[in-house]
Amino acid sequence: MKEILVILLTAVLTQNFVFIKFMGICPFLGVSDKTDKAVGMSFAVIFVMTLSSAATWCVYHYVLIPYGLEYLKTVAFILIIASLVQLIEMFLKKFIPALYASLGIYLPLITTNCAVLGVALINIQQDYSFLRSVFYGFSSGLGFMAAIVIFAGVRERMQLSSPPRAFRGMPIALIAAGLIAMIFSGFSGFNV
Amino acid sequence: MSGFLSVIKERFKEGFVTNNPTFIQFIGMCPTLATTTSAKNALGMGLAVTAVLAFSNTVISLLRKIIPSQVRIAAFIVIISGAVTATELLMKAFLPALNAALGIFIPLIVVNCIILARAEAFASKNKVFPSFVDGIAMGLGFTGALFLIGSVREIIGAGTWFGMKVTPEAYSPATIFIMAPGAFFTLGVLVAITNKIKYDVNERKRKKEANAALALADRAEKPSEEETV
């Protein structure tokens, strides 16, 4: 129980995927202009991250290791993630159309979200057990959600302000992200 | 020969200036922010991406008539991840220190949008030589941007450049710049400077055109004046 809490807090606060580890920056900057879009995207990410953690762990331990093919893990994982996303998309379209309507447009984008491949690789690197990998995937997704939803809220307010012309758009968004990142690095303290 | 040179010139202009992946297109942001803690790491990451990009562009261009368009994305991803795995193994063997510093971001080159974007937008539609040059030019444009960000962060945040002390003794480095928030700040300010330059250049161009139009109008008016006299 205690261990679960530690993984959760680490992944969401002190080692946040977006602000501290810099993974998933593309969707973080790309779909954060509206809060509801950000929420939709992060549910899709949580979903895919949890499932892909389970799938990649199984493939690595039951297929790649027995055949001595560990060096092919990057190729194998990206293919697993791409086909998993495709499969989830087809499954949702057929059986849960309501969920598909809200998550559908975000799913194809997730294949190239480096946070998903990142979680799979970290699980292997740290030699996590199966359950721990799955839970780590889930909490990393939550961390992504915390980051993108907070950032979307800030960005919505920011549209009402008028920064100097050269700072409009991306530069001011990046600086706002920097300020939020500073808060997140405060959770682990400033020691280098 | 001049055809080759003009292709090279055009591609490099696109990669460094008009279509720079970092400052204009905002793609490949994860490594841009994560690996620029020092000039050396930034350069290493940039060159690794350049190598993968040149290889994948060449191979994809060679196979562009064989790959069916329905499964092209999957095929591109397999080619790219093969190239990345090769790069990773080579770096592990020959540059172990750099490989350790860049860590997980080397395998993550697979999902770097620059590579898939160039494959889709350029290599799958063009001949082999221009695709190869495009890979090198885009990669070096990316490397240049990373190197700039890395240098700024290392000098302000650690007071060093490539590990050499460059700031006076009295300066105590602002450590925040080599930490996560500094990455966002540095990139934000550099993009703002790029925007400022872009606006100024456009402004000057518009003024020049307006002046040229005025001069033309003057010249057009003159003969009519003479006629009236």
Side-chain angles (χ1 to χ4, degrees), chain A residues 16 18-30 71-79 81-83 86 108 110-122 124-125 163-186 190-192, chain B residues 23-24 26-36 73-74 77-86 88-89 92 103-113 115-117 157-158 173 175-176 178-200:
Chain A
N16 186 285
V18 175
F19 288 122
I20 308 295
K21 291 200 167 154
F22 292 123
M23 286 182 207
I25 300 283
C26 293
F28 171 73
L29 292 173
Y71 67 94
L72 281 181
K73 64 177 186 296
T74 316
V75 184
F77 286 3
I78 191 71
L79 287 177
I81 292 168
S83 37
Q86 197 86 116
I110 288 182
T111 313
T112 53
N113 183 340
C114 59
V116 178
L117 183 60
V119 167
L121 290 170
I122 290 174
I124 300 304
Q125 229 173 40
R165 189 163 158 236
F167 273 94
R168 259 170 234 171
M170 195 51 89
I172 198 73
L174 283 167
I175 287 171
L179 291 173
I180 306 173
M182 218 188 246
I183 299 168
F184 271 83
S185 52
F190 284 90
N191 40 11
V192 179
Chain B
F23 292 129
I24 308 289
F26 302 116
I27 53 177
M29 281 292 159
C30 303
T32 308
L33 294 168
T35 61
T36 49
I73 302 287
I77 288 181
V78 174
I79 293 167
I80 294 166
S81 51
V84 170
T85 306
E88 192 189 356
L89 292 176
K92 234 179 225 163
I104 197 165
F105 284 94
I106 293 293
L108 285 184
I109 295 175
V110 175
V111 281
N112 189 326
C113 346
I115 296 173
L116 200 58
T175 315
I176 191 96
I178 52 170
M179 293 173 61
F184 287 109
F185 291 144
T186 312
L187 185 61
V189 171
L190 288 176
V191 172
I193 294 172
T194 319
N195 280 350
K196 176 83 182 130
I197 295 171
K198 206 165 65 187
Y199 292 145
D200 282 357

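Please read these numbers as outputs of a predicted model, since none were measured by experiment. Letters go in sequence order (proteins before strands), and every chain restarts at 1.
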Side-chain donor-acceptor contacts of residues 165-177 of chain A below 3.5 Å, not counting sequence neighbours, with atom names and distances?
residue: Arg168(A); atom: NE; partner: Pro163(A); partner atom: O; Å: 3.3
residue: Arg168(A); atom: NH2; partner: Pro163(A); partner atom: O; Å: 3.3

Are more than 12 heavy atoms, taken from residues, nucleotides or ligands other than Lys92(B), located less than 6.0 Å from that residue's NZ atom? no
May I ask you to test the Lys21(A)-Ile104(B) pair for a side-chain heavy-atom distance under 4.5 Å? no
Can the ring centres of Phe22(A) and Phe28(A) be said to be less than 6.0 Å apart? no
Which one, Ala183(B), Ala34(B), Pro31(B), leads in non-hydrogen pairs under 4.5 Å with chain A? Ala34(B)
List the atom pairs, with distances to 0.1 Å, where a side-chain N or O of residues 185-192 of chain B and a protein N or O form a donor-acceptor pair under 3.5 Å, not counting sequence neighbours.
residue: Thr186(B); atom: OG1; partner: Gly182(B); partner atom: O; Å: 2.6

Most heavy-atom pairs under 4.5 Å with chain A, out of Ile193(B), Leu116(B), Val110(B), belong to Val110(B)
Can you tell me which of Leu29(A), Ile20(A), Leu179(A) forms the most heavy-atom pairs within a distance under 4.5 Å of chain B? Leu179(A)
Leu79(A) versus chain B, the contacting section by heavy-atom distance below 4.5 Å: side chain
Most chain A-contacting option - heavy-atom pairs closer than 4.5 Å, from Cys30(B), Ala180(B), Ser81(B): Cys30(B)
Heavy-atom proximity to chain B below 4.5 Å, by part of Ile122(A): both
